[in-house]
Protein chains: 2
Amino acid sequence: MSEQLAEGVIELLRQRGLRMTPQRRVIVSEIMRTQGHISPTALARRVQGELPGVNASTIYRTLSVLEEAGVLAHAHLEGGAEYHRAEDAGHVHLACSRCGAEDDLSLDEADALQQLIEQHHGFLPDLTHFAISGLCAECRRELSAG
Amino acid sequence: MSEQLAEGVIELLRQRGLRMTPQRRVIVSEIMRTQGHISPTALARRVQGELPGVNASTIYRTLSVLEEAGVLAHAHLEGGAEYHRAEDAGHVHLACSRCGAEDDLSLDEADALQQLIEQHHGFLPDLTHFAISGLCAECRRELSAG
DNA sequence: GTATATGCAAAGGTTTTGCACAGCC
DNA sequence: GGCTGTGCAAAACCTTTGCATATAC
């Protein structure tokens, strides 16, 4: 399935007049097979594992290209910026500041939050762009118990 | 008023056995008079304007000390980490990705959001830790008009 | 006097950029 | 063949750290 995703992206880049190099192929295929988010550094490691010698600057430049093409988007998590597939939008990220656990809000929940913010400010939030930090249920229990 | 805040902080640091140097005095006074958030770099500029020669590492170390003492907290905005007074908690930050405008949710609104998230996951969010990105009302209008 | 805070310099990490060369179309 | 993409190296940031010195208490 991610193979097909990668194919589609390659097609789209072609249509935009962009060139498909071996590096781009590997980068696209890696990031399209990634569930959720990945940092540029982590992506670089994976890509270099598959095609040694790919330079970090190529990773960054390709990520920009893909973001401009609407294929990717980035979000801010505790550790910095991470990239995810644009079609994976709606993933509102919950990150536990104590144990690092990660969870996502459902689309319905995200909608409810969005409407709440929208009503009071006319502000249209993109809740996917920043994570939501806090304490997961388990850590809350442990803290109140201990 | 911010003078009194700074006094209180200095008192608190004293009680903790921390020393009050001229550098710390200026840093504390600058950050206590700051409404909202400020980046370490921006703070450094201000402090150095008032007391030339203060090293950046002193700024960072003092920010850490103040955060550990519970006086400050940091939040993640588009441009990176920024510090704000801990008592200014509850400031949920709305940042327009188009024009850069900034706004805050009211405490009631923040509570409503928090409860919504809490109900569905047992996750206790700290909505102040990351900003909420999106489009402000004005930019939405301009975009739909243009 | 002693423990702590500072300045300085260096290192660390991530991301960007200029440039010559390679390679896609 | 021409233009785009890549690697390399350097730079630009931001932040941290080790160490000698200065200084608050």
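Reminder, nothing fancy here: chain letters follow the sequence lines and each chain counts from 1.
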Pick out which of B:H76, B:H37, B:H84 makes a ring pair (Phe, Tyr, Trp, His ring centres under 6.0 Å) with B:H129. B:H76
To the nearest Å, how far apart are [X] [atom1] and [N] [atom2]?
| X | N | atom1 | atom2 | value |
| --- | --- | --- | --- | --- |
| A:I59 | C:dT17 | CD1 | C1' | 17 Å |
| B:I27 | C:dG7 | CD1 | C1' | 13 Å |
| A:R16 | D:dT4 | CZ | C1' | 16 Å |
| A:Q15 | C:dC25 | CD | P | 14 Å |
| A:Q48 | D:dG7 | CD | C1' | 12 Å |
| B:Y60 | D:dG18 | OH | C1' | 18 Å |
| B:L51 | D:dT23 | CG | P | 12 Å |
| A:N55 | C:dC21 | CG | C1' | 14 Å |

Under 4.0 angstrom between B:T21 side-chain N/O and D:dT23 OP1 or OP2: no
Within less than 4.0 Å of OP1 or OP2 of D:dG7, is there a side-chain N or O belonging to A:Q23? yes
Less than 4.5 Å apart, side chain to side chain, heavy atoms only: is that true for B:I132 and B:H93? no
Any link between B:L135 and A:F130 through a network of hydrophobic side chains (Ile, Leu, Val, Met, Phe, Trp, Tyr) touching at under 4.5 Å? no
Okay, side chain of B:R140, backbone of A:G122: is any donor-acceptor separation there less than 3.5 Å? yes
A:V54 or B:S57: which one's nearest nucleotide on DNA chain D is closer to the 5' end? A:V54
Report which part of the nucleic acid [X] touches: base, sugar-phosphate, or nothing (heavy-atom distance under 4.0 Å, all strands).
| X | result |
| --- | --- |
| B:R25 | nothing |
| A:R61 | base |
| A:G53 | sugar-phosphate |

Output the single nucleotide from D:dG5, C:dG7, D:dT15 whose closest atom is nearest the side chain of B:T58. C:dG7
Check the pair A:R25 / A:L51 against side chain to side chain contact (heavy atoms under 4.5 Å, CB included), numbers first and verdict last. CA-CA 10 Å; A:R25 255 178 249 281; A:L51 183 64; over 6 Å; no
Taking N and O atoms by type only, does the side chain of B:R19 place a donor or acceptor under 3.5 Å from a partner on the base of C:dA3? yes
